[in-house]
Number of protein chains: 2
Amino acid sequence: MSDRRLTIEDIAKLSGVSRGTVSRVLNGNSNVKTETKEKVLKVIRRTGYSPQVYARRTAGAKSYTISIVLPMIGTDFYARLIKGIEEKLHAEWHIPALFPILSRERLVWLMKPDVPVYDYDGIILCSLVPERLFPAGYFLSDKPVLLVDGFSPSYDSIYVDNFLGGYLAGNHLVKYDGPQFIILMKEEKRGPFIEVFTDRLSGFTRAVTEKGGSLPQDHIFRHDLSMSAGSLALRDIVQKHGLPVNIFATCDLYALGIIEEANRLGLRIRKDIRLVGFDDHEWTGELGITTIHQPIEEMGRTAAELMLKRLQGDKSAVRNICFKPELVIRDSA
Amino acid sequence: MSDRRLTIEDIAKLSGVSRGTVSRVLNGNSNVKTETKEKVLKVIRRTGYSPQVYARRTAGAKSYTISIVLPMIGTDFYARLIKGIEEKLHAEWHIPALFPILSRERLVWLMKPDVPVYDYDGIILCSLVPERLFPAGYFLSDKPVLLVDGFSPSYDSIYVDNFLGGYLAGNHLVKYDGPQFIILMKEEKRGPFIEVFTDRLSGFTRAVTEKGGSLPQDHIFRHDLSMSAGSLALRDIVQKHGLPVNIFATCDLYALGIIEEANRLGLRIRKDIRLVGFDDHEWTGELGITTIHQPIEEMGRTAAELMLKRLQGDKSAVRNICFKPELVIRDSA
DNA sequence: CTGAAAGCGCTTACAG
DNA sequence: CTGAAAGCGCTTACAG
């Protein structure tokens with residue numbers, strides 16, 4: 001046997017039919033006599049032949065695959081989002097291919113049109129803003145493009161009202177005495193990624209000031225996205241400002257770090273430290289963290305459903321779907 | 001302008017050259033007169049033309065993309081592994097496309113040959129065992145296939161000695177008085193995924209029994225992969241067995257849950273509970289968790305390097321590269 | 001340096 | 001039901 005990969009032509013010869021017939025049994029739709037079909041199938045099984053996916057697509061077949069571009073993997077947020085997307089896609093026999101933007105260079109790579117991201121039936125961009133991503137202001141694709149955890153008037157967008165989320169947190173924390181603090185992720189201003197943390201800060205600030213409070217610059221802690229960032233921030237806060245304090249941890253991971261550090265410092269959650277997180281990840285229940293719920297899986301499912309509709313040819317106006325976050329009160333505040 | 005996507009033919013006509021010449025400037029390798037090149041480039045820019053990736057590949061181009069099949073996203077382990085892979089791939093202008101196996105159905109999907117996973121230049125399988133995955137016992141691909149966090153004599157494999165990891169943990173914990181416990185993930189026996197936790201259990205058991213100790217069935221806790229599993233297990237252990245206890249948390253996430261629960265129960269780590277984790281994730285340092293270090297990023301980098309070599313035509317014998325885990329002693333034991 | 005042509009591995013009307 | 005043929009959008013020797 002030669003080393004080269006088998007082609008449809010080989011299978012045709014081997015089973016004594018034409019290339020077209022092999023293609024028909026491969027695709028299973030059109031009418032092929034059972035007998036012929038069996039004959040071809042037998043050869044396929046015996047030889048282990050498999051068609052080249054890209055050749056099929058060159059010839060006009062669908063890929064049944066959706067590109068998902070996302071800033072990272074490894075966080076609960078994206079794991080839940082992808083889970084929601086996968087769930088719905090799967091039901092319609094589509095599947096996601098993930099392209100994480102793990103480095104700055106990958107961002108310029110994304111702007112090249114001849115990259116496999118654009119190779120599939122549709123594209124879901126997570127937490128990205130096309131207007132800022134592309135110099136021309138628009139996205140390089142003739143396929144349906146949809147935004148999750150991101151907003152643009154020009155694209156289907158599924159997102160959550162982060163300002164409101166911050167506001168709800170603030171509105172709850174101001175009921176306690178003591179100063180207000182916030183810890184959030186450093187975000188590039190008007191960079192390619194959506195600035196959800198900045199929105200949460202804005203909403204929080206609004207709530208605090210509305211009640212006559214204030215949020216001085218040194219009550220705002222910006223860090224990278226990690227548990228230890230929460231620990232660090234708490235240490236700083238307690239050292240400089242004493243107790244009690246109220247802290248809005250703009251993601252649950254920070255809240256976790258804060259609780260850890262509080263334990264080490266022997267501080268009491270709720271007494272010394274009032275804490276509100278963000279995301280309502282599964283483990284926050286057990287830890288008694290009061291948090292802002294955002295329907296992450298549902299956003300994913302909604303996005304996938306809309307994408308599927310677009311793929312079926314739905315040409316209706318751009319949809320912007322905004323979910324409302326909710327305060328989930330538990331022990332920590 | 002018509003609605004259909006521009007083709008290379010359109011660009012050729014528009015710039016008054018042949019299709020071949022457009023292709024040459026697109027690929028940038030062969031000699032094209034600067035003048036001609038500029039002319040074509042201008043048309044490309046003006047029209048926003050981009051070539052179809054799959055058509056290029058049908059005609060023989062490489063994809064510069066590697067499929068990564070992995071059981072989940074959202075854990076530190078896979079985030080670090082992918083980071084390592086991406087790093088090296090990126091240096092050689094290749095990129096990873098991620099295909100998480102989020103459901104059982106996706107596993108049977110994976111066995112279909114006409115699926116985009118097999119569409120790229122190479123395939124890296126994470127934590128999967130081809131012999132068990134495929135009925136025929138071998139993998140359906142004519143491209144290079146490589147295993148990370150998995151082992152097979154028939155495929156390039158990059159993995160860590162999990163038995164040794166468990167042994168090191170046991171060897172350290174037996175120095176303390178009190179009974180030994182282990183918490184690990186439920187794994188399907190001889191399922192498609194590699195059973196790393198079972199290996200860690202075996203190593204641990206060996207160390208414990210070697211020193212004359214024992215590990216009764218009710219000292220073994222099997223759960224899903226979550227922080228709260230650690231909490232649950234600790235509650236059970238303390239309730240039934242009193243203090244002090246020694247616990248091998250076969251992943252750091254369990255250790256985190258244990259520390260959380262210990263705090264809530266008012267138990268002292270190291271005094272009441274001696275704890276060894278697994279993975280040495282970044283945040284374990286801050287928490288003072290004694291843990292088993294495995295070089296996750298390095299495994300990723302090594303895998304990517306080897307894959308790149310295979311793509312360059314390296315036909316040398318199958319490589320099995322086994323990394324040794326190390327005990328990192330901190331406060332928790 | 002560049003055009004005309006053959007070829008990549010498929011699919012899908014079009015006939016019969 | 002099935003073969004022969006045209007076509008998908010590219011690339012790449014082959015000439016000149």
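Proteins come first, then strands; the chains are lettered A, B, ... in the order of their sequence lines, and each starts at number 1.
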Colleague: Under 6.0 Å from the OH atom of B/Y64, do we count more than 12 heavy atoms belonging to anything else shown?
Modeller: no
Colleague: Any salt bridge linking A/D314 with A/R319? Criterion: basic side-chain nitrogen under 4.0 Å from a carboxylate oxygen.
Modeller: no
Colleague: Which part of the nucleic acid, if any, lies within contact of A/T7, taking any heavy atom under 4.0 Å across all strands shown: a base, the sugar-phosphate backbone alone, or nothing?
Modeller: sugar-phosphate
Colleague: May I ask you to check whether A/E131 and A/S152 show a side-chain donor-acceptor distance below 3.5 Å?
Modeller: yes
Colleague: Need to verify one output field. Residue with the more 5' nearest nucleotide on DNA chain D, B/R24 or B/S50?
Modeller: B/S50
Colleague: Is A/G20 touching bases, backbone alone, or none of the nucleic acid, heavy atoms closer than 4.0 Å?
Modeller: base
Colleague: Around atom NZ of B/K143, are there more than 12 heavy atoms of other residues, nucleotides or ligands at under 6.0 Å?
Modeller: yes
Colleague: Please indicate whether A/K62 has more than 12 foreign heavy atoms, meaning atoms of other residues, nucleotides or ligands, lying under 6.0 Å from its NZ.
Modeller: yes
Colleague: Classify B/T21 by what it touches in the nucleic acid, base, sugar-phosphate, or nothing, heavy-atom distance under 4.0 Å.
Modeller: sugar-phosphate
Colleague: If the threshold is 4.0 Å, N to carboxylate O, is there a salt bridge linking A/E188 and A/R132?
Modeller: no
Colleague: Look through every strand shown and name the nucleotide pairing with D/dG3 as Watson-Crick or G-U wobble, where both distances are under 3.5 Å.
Modeller: C/dC14
Colleague: Pick base, sugar-phosphate or nothing for B/S23, based on heavy-atom distances below 4.0 Å to the nucleic acid.
Modeller: base
Colleague: For A/R19 and for B/G16, locate the closest nucleotide of DNA chain C by heavy-atom distance; then report the residue assigned to the nucleotide nearer the 5' terminus.
Modeller: B/G16
Colleague: Using the heavy-atom set of chain B and a strict 4.0 Å cut-off, write down the first and last nucleotide of DNA chain D that makes it in, 5' to 3'.
Modeller: D/dG9 to D/dA13
